[in-house]
Number of protein chains: 2
Amino acid sequence: MFSIGELSRRTKVKVPTIRYYEEMGLLPKAARTSGNQRRYDTAGLERLSFIRHARDLGFSIEAISSLIELQEHPDRSCETAAVIARSQLAEVRAKIKRLKTLEKELSRISKGCNGAGVSEDCYVLASLADHTLCDREH
Amino acid sequence: MFSIGELSRRTKVKVPTIRYYEEMGLLPKAARTSGNQRRYDTAGLERLSFIRHARDLGFSIEAISSLIELQEHPDRSCETAAVIARSQLAEVRAKIKRLKTLEKELSRISKGCNGAGVSEDCYVLASLADHTLCDREH
DNA sequence: TATACGATCTCTAGTAACTAGAGGTTCAAG
DNA sequence: CTTGAACCTCTAGTTACTAGAGATCGTATA
């Protein structure tokens with residue numbers, strides 16, 4: 001049995017975040033000492049590692065909730081897990097696509113101004129003021 | 001002079017968002033009719049188009065504030081604008097990089113499970129539970 | 001001119017996923 | 001037994017909006 005601080009150190013998840021996850025129902029309510037402090041065992045550690053890893057991969061709290069529910073019913077079909085993972089992947093791909101468009105446009109805008117001039121003639125400001133100066137849609 | 005609804009239609013920025021921008025100081029306080037409704041002219045339209053465009057490119061409200069302040073002093077050096085644009089570009093590039101790593105990992109995880117099996121043997125869940133199954137850092 | 005009705009007003013609260021801070025208690029080492 | 005780090009709960013703040021309630025305004029039509 002170890003404290004919340006120890007759990008935090010082992011998982012690299014901050015203490016207030018652990019409490020937040022408990023409140024959100026991602027972590028079960030922790031056992032308490034007689035003085036009301038939280039105590040965890042390896043089950044808690046594993047659960048939090050799972051959450052941490054999923055968050056790192058960009059899964060939402062809600063998605064993680066579903067995944068955990070599934071974990072707790074080993075006999076259930078894992079179709080939901082597959083769907084969640086695929087949709088996360090699709091989202092990530094969509095974000096990449098959009099960001100690449102932005103990157104091109106920002107790079108073009110940025111190249112147009114070295115910061116040496118005066119704001120009146122600034123290409124950055126002109127580009128933002130007038131969308132028609134843009135190469136592509138975004 | 002036109003109403004907030006008309007401005008919204010012309011800029012594709014929602015009415016509550018326009019009011020929010022005014023509150024945040026991105027837009028100057030609008031003129032009012034005797035009945036307290038906001039009225040705008042082409043200056044307001046141009047300002048909001050600028051904001052909209054910058055938001056589309058991912059600039060934060062704070063960054064846009066700085067850019068607008070600069071716009072209002074045409075004699076000032078545009079170095080700040082150049083810095084803001086470059087840092088936005090750097091952020092976008094960093095996000096792309098990170099997302100590409102995630103994409104590879106998610107794609108790997110997703111391929112390992114077709115959703116046909118049972119949650120106990122699910123590769124998605126196993127991968128999330130055990131980081132050491134991962135190909136790379138993320 | 002009266003009425004209807006969509007547009008507008010302000011204000012509060014909610015979203016996601018935390019983070020920060022106040023004010024008070026507990027644990028463990030010395 | 002004292003001390004101080006770690007812990008507790010609670011509230012509020014972050015970003016950039018969005019939603020809803022309840023009231024008022026503006027204008028087209030009868």
Side-chain angles (χ1 to χ4, degrees), chain A residues 1-27 29-40 44 47-48 50-68 84 87-88 91-92 95 98 102 128, chain B residues 1-27 29-41 44 47-48 50-68 84 87-88 91-92 95 98 102:
Chain A
M1 297 294 265
F2 40 87
S3 71
I4 197 169
E6 181 63 22
L7 183 63
S8 168
R9 244 165 281 125
R10 294 205 205 179
T11 56
K12 316 280 176 209
V13 175
K14 287 179 193 153
V15 168
T17 305
I18 297 174
R19 290 199 272 252
Y20 170 75
Y21 287 161
E22 181 180 316
E23 194 167 302
M24 291 300 102
L26 283 193
L27 289 172
K29 299 211 165 189
R32 302 288 184 129
T33 64
S34 59
N36 201 34
Q37 298 196 355
R38 277 167 258 249
R39 286 296 114 105
Y40 298 90
R47 165 71 69 91
L48 185 53
F50 178 93
I51 296 169
R52 162 95 219 261
H53 192 189
R55 286 294 301 132
D56 277 353
L57 287 166
F59 289 89
S60 69
I61 298 280
E62 205 192 334
I64 297 173
S65 278
S66 306
L67 292 173
I68 285 175
I84 290 174
S87 99
Q88 178 61 21
E91 256 175 59
V92 166
K95 274 186 197 158
R98 164 143 175 87
L102 294 190
L128 291 174
Chain B
M1 298 294 265
F2 39 86
S3 70
I4 196 169
E6 181 63 23
L7 184 63
S8 168
R9 245 165 278 125
R10 293 206 206 178
T11 56
K12 315 280 177 210
V13 175
K14 286 177 194 154
V15 168
T17 305
I18 298 174
R19 291 199 272 253
Y20 171 74
Y21 286 160
E22 181 180 317
E23 194 166 300
M24 292 301 101
L26 284 193
L27 289 172
K29 299 211 166 190
R32 301 287 183 132
T33 64
S34 59
N36 202 34
Q37 298 196 354
R38 275 167 259 250
R39 286 298 112 106
Y40 298 90
D41 55 15
R47 167 71 70 91
L48 186 53
F50 178 94
I51 296 169
R52 162 96 219 261
H53 192 189
R55 285 295 300 133
D56 278 353
L57 286 166
F59 289 89
S60 69
I61 297 280
E62 205 193 334
I64 296 173
S65 278
S66 306
L67 292 172
I68 284 175
I84 291 175
S87 100
Q88 177 62 20
E91 257 176 59
V92 166
K95 275 186 196 158
R98 165 144 176 87
L102 293 191

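Throughout, protein chains are lettered first and strands after them, A, B, ... in sequence-line order, and every chain is numbered starting at 1.
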Interatomic distance, B:Leu27 atom CG to B:Tyr21 atom OH [nearest 0.5 angstrom]
8.5 Å
d(CZ, A:Phe2; P, D:dC7) in whole Å:
12 Å
Going by heavy atoms closer than 4.0 Å, what residues in residues 3-12 of chain B are next to DNA chain C?
B:Ser3, B:Ile4, B:Gly5
Identify the heavy atoms of A:Arg47 and A:Leu26 that sit nearest to each other, and give their distance.
NH1-O, 2.7 Å
Do B:Gln88 side-chain atoms and B:Gly58 backbone N/O form a donor-acceptor pair below 3.5 Å?
yes
Might you confirm whether atom CD of A:Glu6 has over 12 heavy atoms from other residues, nucleotides or ligands at distances under 6.0 Å?
yes
With respect to the phosphate group of D:dT15, does any side-chain polar atom (N or O) of B:Tyr20 fall under 4.0 Å of OP1 or OP2?
no
Closest-nucleotide mapping onto DNA chain C: is A:Tyr21 or A:Arg39 further toward the 5' terminus? I mean the 5' end.
A:Tyr21
Closest heavy-atom contact between A:Ile51 and A:Ile64?
O-CD1, 4.0 Å
What closest approach, in Å, do B:Ser8 and B:Val13 show between heavy atoms, and which atom pair accounts for it?
OG-O, 2.8 Å
Phosphate contact (D:dC25 OP1 or OP2) by B:Ser34 side-chain N/O below 4.0 Å
no
Nearest nucleotide by nearest heavy atom, which residue falls closer to the 5' end of DNA chain D, B:Gln37 or A:Gly35?
A:Gly35
Out of D:dG26, D:dC17, D:dT9, whichever nucleotide has its closest atom nearest the side chain of A:Arg19:
D:dT9
Smallest separation among heavy atoms of B:Asp41 and B:Phe2, with atom names:
O-CZ, 3.6 Å
Residues B:Val15 and B:Gly5: closest non-hydrogen pair is CG2-CA, 4.1 Å
Could you check whether B:Arg19 pairs with B:Glu23 (Lys NZ or Arg NE/NH1/NH2 to Asp/Glu carboxylate O, under 4.0 Å)?
no
Using 0.5 Å steps for rounding, measure from the OH atom of B:Tyr40 to the CG atom of B:Leu48.
8.0 Å
Ignoring backbone atoms, test whether B:Arg32 places a side-chain nitrogen or oxygen under 4.0 Å from the OP1 or OP2 oxygen of D:dG26.
no
Rounding to a whole Å, what distance do you find between B:Leu27:CG and D:dA16:C1'?
14 Å
Search all heavy atoms of A:Ser60 against all heavy atoms of A:Arg55 and return the closest pair with its distance.
CA-NH1, 4.0 Å
In numerical order, the residues of residues 50-64 of chain A whose heavy atoms come under 4.0 Å of DNA chain C are A:Arg55, A:Ser60, A:Ile61
Give a yes/no on whether any side-chain N or O of B:Thr33 is located under 4.0 angstrom from OP1 or OP2 of D:dC25.
no
Range on DNA chain C touched by chain B, heavy atoms, distance below 4.0 Å:
C:dT8 to C:dT10
Please give, in whole Å, the distance from D:dT9 C1' to A:Asn36 CG?
9 Å
If I take atom CD in residue B:Glu23 and atom C1' in nucleotide D:dT18, what distance separates them, rounded to the nearest angstrom?
14 Å
